[in-house]
Amino acid sequence: MSLEFHHIGIPVEKSRISSGSRFSPAFKMYTDDAQNDLGIYIQYHAFEAGSSLNYSIKGQIHVAFKTNNIEQVLKGKQVIMPLYEPFSGYKCAMILVNSLPIELIETNLSEEYIWENDKILKNGILYGEG
């Protein structure tokens, strides 16, 4: 099993989300992408009442890792967000490891394509405008 760091997800109050954030009707969640001074990708998430996501996702920082075999990594783990494909070429799921949420990602898409391509995000089911 190979894991490669991808990003950190941080839940915040909605007042900390910028006007340029994306909204996910599927999860009632706002997302703001950023990079810290070390160039590490960060996603700030705020949740509306009624979000169906697990309380650990909504209330704890998570770390995301890329893997080349997400189904294998998920075997025998406590899944808190089932495997799905939010946009073409990108699969993800979330598990609890030692009581902390971990996001798993399987993709061959480039980082630039993922982080800087609003069109692909808006055409998927997560931020679903298309």
Side-chain angles (χ1 to χ4, degrees):
M1 165 179 64
S2 120
L3 296 175
E4 175 187 333
F5 174 80
H6 191 261
H7 72 271
I8 298 170
I10 303 174
V12 297
E13 295 296 320
K14 187 176 174 189
S15 62
R16 295 211 31 216
I17 296 293
S18 77
S19 61
S21 68
R22 291 183 308 277
F23 179 70
S24 169
F27 293 129
K28 296 184 180 180
M29 172 184 74
Y30 295 88
T31 301
D32 250 345
D33 293 333
Q35 279 186 296
N36 69 13
D37 292 342
L38 295 175
I40 294 171
Y41 287 106
I42 298 172
Q43 288 188 326
Y44 295 99
H45 298 294
F47 303 90
E48 289 192 340
S51 171
S52 63
L53 290 172
N54 182 281
Y55 64 92
S56 294
I57 298 168
K58 296 185 286 189
Q60 293 181 278
I61 292 173
H62 74 266
V63 179
F65 295 94
K66 284 175 57 175
T67 181
N68 56 1
N69 191 341
I70 198 167
E71 287 90 0
Q72 182 65 36
V73 179
L74 290 173
K75 285 184 182 176
K77 303 296 187 298
Q78 183 180 353
V79 177
I80 59 173
M81 185 180 75
L83 179 63
Y84 80 112
E85 192 170 9
F87 52 92
S88 183
Y90 187 100
K91 295 179 189 176
C92 65
M94 290 186 81
I95 59 176
L96 276 183
V97 177
N98 299 80
S99 301
L100 296 173
I102 302 291
E103 183 175 0
L104 300 168
I105 298 164
E106 183 176 324
T107 187
N108 289 320
L109 301 175
S110 73
E111 292 306 305
E112 294 78 24
Y113 194 75
I114 293 168
W115 293 100
E116 298 173 16
N117 189 339
D118 276 345
K119 185 177 178 181
I120 188 173
L121 297 176
K122 290 178 181 177
N123 283 327
I125 61 173
L126 181 59
Y127 298 108
E129 292 181 11

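The chain is numbered in sequence order, starting from 1.
Rounded to the nearest 0.5 Å, atoms OH (Tyr84) and NZ (Lys91) are 14.0 Å apart. One finds the CG atom of Leu104 at 8.5 Å from the CE atom of Met94 (value rounded to the nearest 0.5 Å). In this structure, the separation between CG on Asn108 and OH on Tyr90 is 12.5 Å, given to the nearest 0.5 Å.
Checking side-chain atoms of Ser2 against main-chain N and O of Thr67 turns up no donor-acceptor pair under 3.5 Å.
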**OP:** Might you work through the side chain to side chain contact (heavy atoms under 4.5 Å, CB included) test for Cys92 and Met81, ending with a clear yes or no?
**Re:** CA-CA 9 Å; Cys92 65; Met81 185 180 75; 4.0 Å; yes
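Among all heavy-atom pairs drawn from Ala46 and Ile17, the shortest one is CB-CG1, 3.4 Å.
Residues satisfying the side-chain hydrogen bond (donor to acceptor under 3.5 Å, both in side chains) criterion with Ser15, sequence neighbours excluded, are absent altogether. With sequence neighbours excluded, the residues forming a side-chain contact (heavy atoms from CB on, under 4.5 Å) with Asn36 are Leu38, Ile40, Ile42, listed by chain and number. Every residue meeting the side-chain hydrogen bond (donor to acceptor under 3.5 Å, both in side chains) condition with Glu103, not counting sequence neighbours, appears here in chain and number order: His7, His62.
Counting heavy atoms from C-beta on, the side chains of Gln43 and Arg22 come closer than 4.5 Å. For the pair Pro101 and Ile95, the minimum side-chain heavy-atom distance is 4.5 Å or more. Taking the side chain as every heavy atom from C-beta outward, Asp33 and Tyr41 never approach each other to under 4.5 Å.
Side-chain heavy atoms closer than 4.5 Å link hydrophobic residues (I, L, V, M, F, W, Y) into clusters, and following such links, even through other members, never connects Leu100 to Ile8.
Using a cut-off of 4.0 Å between Lys/Arg side-chain N and Asp/Glu carboxylate O, Asp32 and Arg16 are scored as not salt-bridged.
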Under 3.5 Å, which donor-acceptor pairs link side chains of residues 47-55 to any protein atom two or more places apart or in another chain?
residue, atom, partner, partner atom, Å
Glu48, OE2, Tyr30, OH, 3.0
Ser51, OG, Phe27, O, 2.7
Ser51, OG, Leu53, N, 3.4
Asn54, OD1, Ser56, N, 2.7
Asn54, OD1, Ser56, OG, 3.3

Which side-chain N or O atoms in residues 68-78 pair as donor and acceptor under 3.5 Å with protein atoms at least two apart or in another chain?
residue, atom, partner, partner atom, Å
Asn69, OD1, Gln72, N, 3.2
Lys77, NZ, Val73, O, 3.3

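Sorted pairs that involve residues 92-102 and meet salt bridge (charged side-chain N to carboxylate O under 4.0 Å, His left out), not counting sequence neighbours, are lacking altogether. The salt bridge (charged side-chain N to carboxylate O under 4.0 Å, His left out) analysis of residues 5-15, with sequence neighbours excluded, yields no pairs. For residues 56-68, every residue pair satisfying the salt bridge (charged side-chain N to carboxylate O under 4.0 Å, His left out) rule, not counting sequence neighbours, is listed here: Lys66-Glu111.
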